[in-house]
Amino acid sequence: MSESDIFTTPLNRNTMWRSASLILEQQEQNKANGLSRMEETGDVIQRPPTSVTSDWLAQAKAAVPNANLDDVPSKYHAPPPDALSFSVIDEFNNWRSNPELAEAVAAIKALTAVIKRSQATTMMELEIELKKASDSLKAWDETSISLSAGCDLFTRYVTRTSALEYEDFSAGKSRLIERGERFGEISFKARKTIAMLGQDFLQDGSTILVHGFSRVVLALLRMAASNGKHFSVVCTEGRPDNRGIEMSKELVGVGVPIKLILDSAVAYTMEKIDMVLFGADGVVESGGIINMIGTYQVALVAHNMNKPVYVAAESYKENN
């Protein structure tokens, strides 16, 4: 699995309407379950202006320093171990409070903590305990694609390995803990690599529309600005949680000219936009994305007005 990807796929009208149907079905199910958070699927259009060659990718990765624990803010740590009061959900929320960590990574950190505190004496007992913890996290927020993806990724890439069959239980447990902690470093490095690659898509003097808040998109725009590119950004409010306002504040802090608009003003503003840039909660097999409410309609407006749309997302968000 690669550490980072920038997904760019053609917009397919049949896929769009099929996605819309799935969204409506999910919304009805959410209402029945009393859930307020909603997800929306959009598709992205337009191929990159430059071909992504292996040499270009190698140069970009080489320009990103090797990630280490010093890269991640140190003030966010798990609470002291206490097997009697430990809750995987509380652990997840603790890690999620770190603004630098995506939900998927916070889920993996929480599941790694389960291994550390486990009283299991065999690998089978530990696997059962991890399965219960993973199911608890998924049930706690059934609408979070990132949370579900993190739990699945932990099961798929961290705990499943034939090497564990040839180790004693203590050594195997230590190996799982090491892998879980290492994943946070890989994720952080992936974001920096995407930012290095993605800045080439931004042209001087361009106006970029972003919707909601994305750590990857923020890192990309920050790096482009720090490397001397001149551009302005139009941010939607990103209701109902106003994540776009948060995005605006972050970009103002690094000197990027910002215009904040209502979500309903996207069509009115699109004529002045040069490109649209999304993050993603998940990426499906068809190349479509799962992202915050409003993403789909922004993509539709951009498509109808022949504006390029790009999505920047880590490869672990692929939902296969």
Side-chain angles (χ1 to χ4, degrees), residues 1-9 39-44 48 52 56-58 60-69 71-73 76 92 95-96 98-112 137 144-158 179-202 210-224 243 247 250 276-292 295 309-320:
M1 183 179 68
S2 62
E3 292 179 352
S4 63
D5 289 295
I6 295 182
F7 298 94
T8 55
T9 54
E39 302 287 353
E40 181 168 323
T41 300
D43 291 281
V44 291
V52 181
W56 182 51
L57 180 61
K61 288 188 175 182
V64 179
N66 291 329
N68 53 63
L69 292 177
D71 289 329
V72 183
Y76 296 93
F92 166 72
W95 285 109
R96 191 172 64 164
N98 181 347
E100 295 297 327
L101 288 185
E103 278 197 355
V105 180
I108 289 175
K109 290 284 191 180
L111 292 173
T112 302
L137 282 174
S144 175
I145 302 299
S146 296
L147 173 57
S148 178
C151 293
D152 292 341
L153 190 69
F154 186 88
T155 302
R156 190 182 310 166
Y157 294 106
V158 177
R179 287 183 175 183
E181 292 178 341
R182 177 64 179 166
F183 189 86
E185 298 179 57
I186 294 174
S187 171
F188 194 69
K189 181 179 178 182
R191 193 180 306 162
K192 295 170 70 174
T193 303
I194 291 172
M196 179 67 68
L197 294 170
Q199 63 178 337
D200 290 343
F201 289 70
L202 277 59
V210 299
H211 180 62
F213 182 89
S214 164
R215 295 175 183 86
V216 180
V217 171
L218 178 59
L220 192 161
L221 295 175
R222 276 176 171 171
M223 181 170 288
R243 297 299 302 278
M247 187 75 161
E250 293 287 346
V276 178
L277 185 59
F278 292 133
D281 289 333
V283 181
V284 298
E285 287 184 83
S286 66
I289 65 167
I290 303 169
N291 201 39
M292 74 169 294
T295 301
V309 178
Y310 298 103
V311 175
E314 304 94 331
S315 61
Y316 66 74
K317 292 181 179 178
E318 290 183 65
N319 225 349
N320 296 325

Inset, instruction - With side-chain contact (heavy atoms from CB on, under 4.5 Å) as the test, would you mind laying out the steps for Ile289 and Val284 before giving the verdict? - result: CA-CA 6 Å; Ile289 65 167; Val284 298; over 6 Å; no
Inset, instruction - Please name the pair of heavy atoms, one in Glu314 and one in Ala190, separated by the smallest distance, quoted to 0.1 Å. - result: CG-CB, 4.3 Å
Legend entry - Minimal non-hydrogen separation, Val283 against Ala313, with atom names: CG2-CB, 4.3 Å
Inset, instruction - Give, for atom CE of Met292 and atom CZ of Arg243, the distance between the pair rounded to the nearest 0.5 Å. - result: 8.0 Å
Legend entry - Distance (rounded to the nearest 0.5 Å) between Ser148 OG and Asp281 CG: 11.5 Å
Inset, instruction - Evaluate the criterion side-chain contact (heavy atoms from CB on, under 4.5 Å) for residue pair Leu277 and Val309; output intermediate values, then yes/no. - result: CA-CA 6 Å; Leu277 185 59; Val309 178; over 6 Å; no
Inset, instruction - Identify the heavy atoms of Ile194 and Ala312 that sit nearest to each other, and give their distance. - result: CG2-CB, 3.9 Å
Inset, instruction - List the steps and the verdict of salt bridge (Lys or Arg N to Asp or Glu O under 4.0 Å) for Glu181 and Lys109. - result: CA-CA 7 Å; Glu181 292 178 341; Lys109 290 284 191 180; over 6 Å; no
Legend entry - Derivation and outcome, side-chain contact (heavy atoms from CB on, under 4.5 Å), residues Phe154 and Thr112: CA-CA 9 Å; Phe154 186 88; Thr112 302; 3.6 Å; yes
Legend entry - Those residues that, when tested against Arg215, pass side chain to side chain donor-acceptor pair (under 3.5 Å) (two or more places apart): none
Legend entry - Leu197 vs Leu220 side-chain heavy atoms within contact, under 4.5 Å: no
Legend entry - Side chains of Asn98 and Val105 in contact at under 4.5 Å (non-hydrogen atoms): no
Inset, instruction - Measure from the side-chain N and O atoms of Thr295 to the backbone N and O of Asn291, and report whether any donor-acceptor pair falls under 3.5 Å. - result: no
Inset, instruction - For the pair Val210 and Phe278, evaluate side-chain contact (heavy atoms from CB on, under 4.5 Å) and give the outcome as yes or no after the intermediate values. - result: CA-CA 6 Å; Val210 299; Phe278 292 133; over 6 Å; no
Inset, instruction - Could you list the residues that satisfy side chain to side chain contact (heavy atoms under 4.5 Å, CB included) with Gln199, not counting sequence neighbours? - result: Met196, Met223, Ala224, Asn227
Legend entry - Minimum heavy-atom distance between Arg191 and Val216, given as atom pair plus value: CG-CA, 4.0 Å
Legend entry - Distance (rounded to the nearest 0.5 Å) between Ile108 CD1 and Glu103 CD: 12.5 Å
Legend entry - Over all atoms of both residues, closest heavy-atom pair of Ser214 and Gly279: OG-CA, 3.5 Å
Inset, instruction - Could you tell me if the ring centre of Phe201 sits under 6.0 Å from that of Tyr310? - result: yes
Legend entry - Residue pair Phe92 / Leu147, side-chain heavy-atom distance below 4.5 Å: yes
